[in-house]
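Heads up: the structure comes next, in structure tokens.
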Amino acid sequence: MLPHVEGNNRVNGKLLIIGGAEDRQNEKEILRNFIELSGGIHAKLKFILAASSEPASVWASYSNAFKNLGATNIEPIALLSREDAHNPDVVSNILSADGIFMTGGDQNRLMAEIWETPAFRAIHQVFHIKGICIAGTSAGAAVMSRQMIAQGQAPIITEKDVVSFDIGLGLVSMAIIDQHFSQRRRLTRLLSALAQRPDLLGVGIDENTGLVITVNESIEVIGAGAVTILDGREMISNYDQIEAQEKLELLGVKMHLLPSGSRYSAKIPRAEEKRIASLMNAISYLVLPGPARI
């Protein structure tokens, strides 16, 4: 059983889902926002480097960036293997965090090391009970959803089954997250994923761009790019009639493109409801947390 964690004044946890390649040299807007969402420069900021094949160099880059932003309490969590994920000291370190940042690399490596371990449950506990901010970039973004894109190239034309899934952290319950979205032209990849799971939203996040989700409350886009939301819950497709790698026909997919600065509350004034009803319906799905696995 995990140690008890006291809740704080933030009722709703926050996710900062980053499309990768966030600025660490200049204004560092996204990293600055992580500090603020976690409680300020004196907050206990913990970093999970398990997705990276070169954790030492990745930590050197992030520690320098956060120190330059004035953060006074930053620390990498010694979590690089499944054995580490069972270590009581690692679990205690996670439980003491005010903010957790998961770096890029390979999302499959990260999940292989933490899935259904005490460290995994500790992440859920501090998010669902303590209400901290959890951030993830690139691979760290991919693992936010329950249905995680494990691998798959973006075809020129959308094809069936170009994407394979695995299980992610499940902090986002009703969406599939894709990153490096515009830069790597992943629209066709996300549409292929949506064809396999039309019950979920597809969320594509550009590089140096962050999607802030406040659970059950709101979303906001920050950084340099945009967030694309694909909603195929009412679409008609030929998915069940064709073979793998054949061309998909997808009718009635709704797309919402939200540039940096966009912010929407899940509860909007009644006068706005009809005009943006489709978007608000999607947002009401997006802000739902996954089940707490503690």
Side-chain angles (χ1 to χ4, degrees), residues 13-38 45 47-48 51-52 58 61-62 65-66 68-69 99-107 110 133-145 148-149 152 154 168-169 171-172 174-191 193-194 200-215 217-231 254-266 276 279 282-283 285-287:
K14 292 181 173 63
L15 298 173
L16 173 53
I17 311 176
I18 307 163
E22 69 283 352
D23 171 30
R24 302 178 217 168
Q25 301 294 328
N26 301 306
E27 295 300 315
K28 310 179 188 70
E29 178 187 353
I30 292 174
L31 303 187
R32 194 183 303 274
N33 268 267
F34 173 62
I35 294 173
E36 293 172 0
L37 292 168
S38 300
L45 307 181
F47 294 78
I48 294 178
S52 175
V58 169
S61 175
Y62 278 105
F66 277 97
N68 287 339
L69 287 171
I100 293 175
F101 193 105
M102 299 180 292
T103 65
D106 182 346
Q107 58 262 41
L110 174 56
C133 176
I134 297 183
T137 183
S138 191
V143 301
M144 293 285 194
S145 53
M148 175 186 81
I149 294 179
L169 281 174
L171 300 178
V172 175
M174 301 305 297
I176 302 164
I177 307 294
D178 207 350
Q179 69 283 62
H180 305 282
F181 193 66
S182 293
Q183 289 75 14
R184 298 187 186 178
R185 295 172 172 81
R186 285 181 166 172
L187 177 60
T188 54
R189 179 168 102 155
L190 191 54
L191 284 167
L194 208 64
L200 303 177
L201 300 174
V203 178
I205 306 176
D206 293 347
E207 292 181 355
N208 195 26
T209 305
L211 173 63
V212 180
I213 299 177
T214 302
V215 168
E217 186 175 312
S218 65
I219 68 167
E220 181 178 7
V221 181
I222 62 175
V227 170
T228 302
I229 300 176
L230 300 177
D231 185 350
K254 298 170 185 174
M255 184 175 81
H256 308 285
L257 183 63
L258 306 180
S260 180
S262 299
R263 188 183 191 283
Y264 290 93
S265 170
I276 55 174
L279 172 62
I283 289 173
Y285 254 48
L286 191 51
V287 299

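Atom set for the values below is all heavy atoms of this structure, side chains included, hydrogens, waters and symmetry mates excluded.
- The aromatic rings of Y62 and F47 sit tilted relative to each other, their planes meeting at an angle between 30° and 60°.
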side-chain contact (heavy atoms from CB on, under 4.5 Å) between L37 and V212, intermediate numbers included: CA-CA 9 Å; L37 292 168; V212 180; 4.1 Å; yes
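- Separating the CD1 atom in I219 from the CD1 atom in I229 is a distance of 4.5 Å, to the nearest 0.5 Å.
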Stepwise side-chain contact (heavy atoms from CB on, under 4.5 Å) check, F101 with L45: CA-CA 7 Å; F101 193 105; L45 307 181; over 6 Å; no
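- Without hydrogens or angle criteria, D178 side chain to G204 main chain gives no donor-acceptor distance under 3.5 Å.
- Among residues two or more places apart in sequence or in another chain, the side chain to side chain donor-acceptor pair (under 3.5 Å) test is passed with Y285 by none.
- The distance from the CZ atom of R32 to the CD1 atom of I222 is 11.5 Å, given to the nearest 0.5 Å.
- Here the OG1-CD1 distance, from T209 to I30, works out to 6.0 Å after rounding to the nearest 0.5 Å.
- One distance of note links CG of L279 with OG of S262; it measures 9.0 Å at 0.5 Å rounding.
- A distance-only check finds no donor-acceptor pair linking the side chain of Q107 to the backbone of A51 [under 3.5 Å].
- Checking E207, E22, Q179 one by one against T137, the side-chain hydrogen bond (donor to acceptor under 3.5 Å, both in side chains) holds for a single residue, E22.
- A donor and an acceptor atom, one from each side chain of S138 and H180, are located under 3.5 Å apart.
- Within the model, atoms CG of L169 and CD1 of I177 stand 11.5 Å from one another, a figure rounded to the nearest 0.5 Å.
- Judged by distance alone, with hydrogens and angles left aside, the side-chain atoms of S61 form no donor-acceptor pair with the main-chain N or O of V58 at under 3.5 Å.
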Worked check of side-chain contact (heavy atoms from CB on, under 4.5 Å) between L69 and I35: CA-CA 9 Å; L69 287 171; I35 294 173; 3.7 Å; yes
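- Here the straight-line distance linking atom CD1 of I283 with atom CG of L201 works out to 10.0 Å at 0.5 Å rounding.
- When atom types are taken as modelled, the side chain of R189 and the backbone of G152 share a donor-acceptor pair closer than 3.5 angstrom.
- A 6.0 Å sphere centred on CZ of R263 holds more than 12 heavy atoms belonging to other residues, nucleotides or ligands.
- Counting all heavy atoms, side chain and backbone alike, F34 lies closest to C133 at CD1-SG, 3.9 Å.
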Test side-chain contact (heavy atoms from CB on, under 4.5 Å) applied to S218 and Y264, step by step: CA-CA 6 Å; S218 65; Y264 290 93; over 6 Å; no
